[in-house]
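Worksheet: one structure, shown below.
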Amino acid sequence: MTEFRYDTQLLIEGHDLDEDAITDYITENLSGDCLLAVGDEDLVKVHFHTNEPWDLLKYCASLGEIFDIVVEDMDRQTRGLHG
């Protein structure tokens, strides 16, 4: 079993987005690892492993429109199951 179960990925579309501020907020307030937040002022891609993907989604939705949302259960993948 992995420490953080859900591989969560999404795009945030907004205005004046700051990838460093997004990284800092997630690091300081959410539990997880493998964080990646890259982009520009209008579009940021976020990748994060966590046990509470809904917390990440809620935060990102507060910054702009979120889309291309993928939440994958890495434990399930490890067991060779799909879906």
Side-chain angles (χ1 to χ4, degrees):
M1 183 168 171
T2 58
E3 181 179 2
F4 297 106
R5 184 173 182 162
Y6 298 103
D7 177 359
T8 308
Q9 303 173 50
L10 58 99
L11 294 171
I12 309 168
E13 186 174 51
H15 302 287
D16 299 320
L17 296 173
D18 181 338
E19 62 188 42
D20 292 329
I22 293 168
T23 297
D24 291 344
Y25 180 90
I26 294 170
T27 300
E28 294 169 11
N29 295 285
L30 303 178
S31 180
D33 65 7
C34 296
L35 173 60
L36 179 66
V38 295
D40 57 30
E41 294 177 345
D42 300 316
L43 185 68
V44 173
K45 178 176 178 88
V46 176
H47 172 270
F48 192 51
H49 296 173
T50 183
N51 291 327
E52 296 87 21
W54 44 87
D55 291 339
L56 179 65
L57 296 174
K58 182 177 178 180
Y59 167 65
C60 291
S62 75
L63 302 175
E65 181 179 351
I66 60 173
F67 63 102
D68 286 351
I69 300 163
V70 177
V71 179
E72 296 179 324
D73 184 336
M74 295 185 295
D75 283 344
R76 189 170 177 82
Q77 288 176 338
T78 299
R79 294 190 318 265
L81 303 173
H82 301 284

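Nearest heavy atom pair, residue Phe48 against residue Gly32, reads CZ-CA, 3.4 Å. Residue Val44 comes nearest to Asp40 through the heavy atom pair CG2-O, 3.5 Å, listed as atom of the first residue, atom of the second, then distance. The two residues Cys34 and His47 make their nearest non-hydrogen contact at O-ND1, 3.0 Å. In terms of heavy-atom proximity, Ala61 sits nearest to Ile66 at N-CG2, 3.7 Å.
Taking CG of Asn51 as the reference point, atom OG1 of Thr8 lies at 9.5 Å (rounded to 0.5 Å). Put simply, CD on Glu72 and CZ on Arg5 are 13.0 Å apart, with the number rounded to the nearest 0.5 Å. From Ile12, atom CD1 reaches atom CD of Glu65 across 11.5 Å, with rounding to the nearest 0.5 Å. For the atom pair Ile69 CD1 and Phe67 CZ, the distance stands at 9.5 Å (nearest 0.5 Å). If you take CD on Glu52 and CG on Leu57, they are separated by 12.0 Å, rounding to the nearest 0.5 Å.
Follow the hydrophobic side-chain contacts under 4.5 Å out from Leu30 and you never reach Phe4; the two are in separate clusters. Two different hydrophobic clusters hold Ile22 and Leu11 under the rule that ILVMFWY side chains link at heavy-atom gaps under 4.5 Å. Hydrophobic cluster membership differs between Met74 and Leu35, with clusters built from Ile, Leu, Val, Met, Phe, Trp and Tyr side chains linked at under 4.5 angstrom.
Within 6.0 Å of NZ on Lys45 lie more than 12 heavy atoms contributed by other residues, nucleotides or ligands.
No side-chain heavy atom of Thr50 sits under 4.5 Å from any side-chain heavy atom of Asp55. Annotation: side chain of His15 is in contact with side chain of Asp42 (closest heavy-atom distance under 4.5 Å).
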- Task: May I have the step-by-step check of side chain to side chain contact (heavy atoms under 4.5 Å, CB included) for Val46 and Glu19, ending in yes or no?
- Result: CA-CA 9 Å; Val46 176; Glu19 62 188 42; over 6 Å; no

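Residues satisfying the side chain to side chain contact (heavy atoms under 4.5 Å, CB included) test with Asn29, not counting sequence neighbours, are Tyr25.
Remark: side-chain polar atoms of Ser62 are paired, donor with acceptor, to backbone N or O of Tyr59 under 3.5 angstrom.
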